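The model shown is predicted, which means the values in this text are computed figures rather than measured ones. Throughout, a chain's letter reflects where its sequence line sits, starting with A, and its residues are numbered from 1. Below, each value reflects all heavy atoms present in this structure, side chains not excepted, and no hydrogens, waters or symmetry copies.
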Amino acid sequence: MSDTLKVVSWNINSVRARIEIVERFLKEEAPDVLCLQETKVRNDQFPEGTFRQLGYNHLILNGQPMHHGVAMISRVPLHKDERFDWQANGEARHVGARLENGVRIENVYIPAGGEIPNREENPKFGQKLDFYQRMTDWSAALETPTILLGDFNVAPLESDVWSHKQLINVVSHTQIEIDTMAKLQAAHDWVDIGRKFIPDPERLYTWWSYRARDWRASDKGRRLDHVWVSPELENKAVSHVVHEDARGWAKPSDHAPLITEFKF
DNA sequence: ATGCCTTTTTTGAAAAGA
């Protein structure tokens, strides 16, 4: 493989409903590895042909009917794929694989956590915190150089949300979630690539609700998607952008793709 | 913030997203 690798994370909100913009994105950006979340398709119904026609012949799928689902689609070989059940209930929220240079990519869709930020009143919120804890335990024992990316469903910094004051009690930006995410980050000294390239306090969002009349004008975004790397890979990342334009394409996902380039 | 939008499947109301 070449020493340059372009890796994308994109919560696609149904890969079948979004196949036209996926194809456009691959033609325009030509990533080496595309990591999708919320594919919303069983493995036997995944639209593999579209990807193979564009030269993406390595597909690693972890889908389920209707909800969730993740996939890694690559034009470079991937090995030793794994699917962790950090949800502990069988939901398809992780897939990972190893590049030929030994670096692993772990693609995760952390649960949103429901409406009420309280474990007793809302079991989904507890599931989200427990998912983070299992990832933290995994991170603490991790020795492989790793790119951890996906939809983490937490926006930790004030500059990661359109209004800190109006969202401080809204799931995705509560203090308990921010603290829980910080513990995960500390467990492996994960490097936040988003903030390495676009430092706080610059505005940085990856998701805009469908409910806004004009998402770009109101710009009520949140940074829910993240790319983290092991400390030894920090200097291998040479660029990182959020492709906001794709949020404005026809029939968009509510998340934008995150594009990171590495030089190994 | 989510009455507001968009997806899925049991074709059509309901759940989920965040």
* **Leading and trailing nucleotides of DNA chain B with any atom under 4.0 Å from heavy atoms of chain A** => B/dA1 to B/dA18

* Structure fact -> Residues passing the side-chain contact (heavy atoms from CB on, under 4.5 Å) test with A/Ser139, sequence neighbours excluded, are A/Leu184, A/Ala187, A/His188, A/Trp190

* State which residues pass side-chain hydrogen bond (donor to acceptor under 3.5 Å, both in side chains) with A/Asp137; sequence neighbours excluded, sorted by chain then number. => A/Gln133

* To do: Would you mind classifying the nucleic acid contact of A/Asp151 as base, sugar-phosphate or nothing, using non-hydrogen atoms under 4.0 angstrom?
  => sugar-phosphate

* To do: Mind checking side-chain contact (heavy atoms from CB on, under 4.5 Å) for A/His94 and listing every partner two or more places apart, or none if nothing turns up?
  => A/Phe84, A/Trp86, A/Glu106

Would you list the atom pairs, donor with acceptor, under 3.5 Å between side chains in residues 124-132 of chain A and any protein atom, with sequence neighbours excluded?
| unit_1 | atom_1 | unit_2 | atom_2 | d |
| --- | --- | --- | --- | --- |
| A/Lys128 | NZ | A/Ala112 | O | 2.9 |
| A/Lys128 | NZ | A/Asn153 | O | 2.7 |
| A/Lys128 | NZ | A/Glu177 | OE2 | 2.6 |
| A/Asp130 | OD1 | A/Arg119 | NH1 | 3.2 |
| A/Asp130 | OD1 | A/Arg119 | NH2 | 3.0 |
| A/Asp130 | OD2 | A/Arg119 | NH1 | 3.4 |
| A/Tyr132 | OH | A/Phe152 | O | 2.7 |

* Counting any heavy atom closer than 4.0 Å, what does A/Phe152 reach on the DNA or RNA strands: base, sugar-phosphate only, or nothing? -> nothing

* Pairwise P distance for B/dA15 and B/dT10, with rounding to whole Å -> 15 Å

* To do: Sticking with atom P, work out how far B/dA1 lies from B/dT6, rounded to a whole angstrom.
  => 23 Å

* **Lys/Arg-Asp/Glu bridge criterion (N-O < 4.0 Å) met for A/Arg223, A/Asp200** => no

* To do: Write out all pairs satisfying side-chain hydrogen bond (donor to acceptor under 3.5 Å, both in side chains) with one or both partners inside residues 57-76 of chain A, taking only residues at least two apart or from two chains.
  => A/Asp32-A/Arg75, A/His68-A/Glu91, A/His68-A/Arg93

* Asked: By a strict heavy-atom criterion of less than 4.0 Å, which residues belonging to residues 241-258 of chain A are in contact with DNA chain B?
  -> A/Lys251, A/His255

* To do: Strictly below 4.0 Å, heavy-atom distances to any atom of DNA chain B: list the hits from residues 40-49 of chain A, or just say none.
  => A/Lys40

* To do: Tell me what A/Trp215 touches on the nucleic acid: a base, only sugar-phosphate, or nothing, going by heavy atoms under 4.0 Å.
  => nothing

* Quick one: list whatever passes side-chain contact (heavy atoms from CB on, under 4.5 Å) with A/Glu261, sequence neighbours left out. => A/Thr4, A/Lys6, A/Val238, A/Ser239

* Asked: Charged N to carboxylate O under 4.0 angstrom, A/Asp81 versus A/Arg83?
  -> yes

* Pair partner, B/dT10 [Watson-Crick or wobble, under 3.5 Å] -> none

* **Sequence-distant partners of A/Ala256, side-chain contact (heavy atoms from CB on, under 4.5 Å), two or more places apart** => A/Trp208, A/Val242

* Non-neighbouring partners of A/Asp44 that pass salt bridge (Lys or Arg N to Asp or Glu O under 4.0 Å), sequence neighbours left out -> A/Arg42

* C1' atoms of B/dA18 and B/dC4, separation to the nearest Å -> 15 Å

* Asked: Checking all strands, does A/Lys124 fall into the base, sugar-phosphate, or nothing category for heavy-atom contacts under 4.0 angstrom?
  -> sugar-phosphate

* Sticking with atom C1', work out how far B/dT7 lies from B/dG12, rounded to a whole angstrom. => 14 Å

* Tell me, please, which residues at least two apart from A/Glu232 pass salt bridge (Lys or Arg N to Asp or Glu O under 4.0 Å). => none

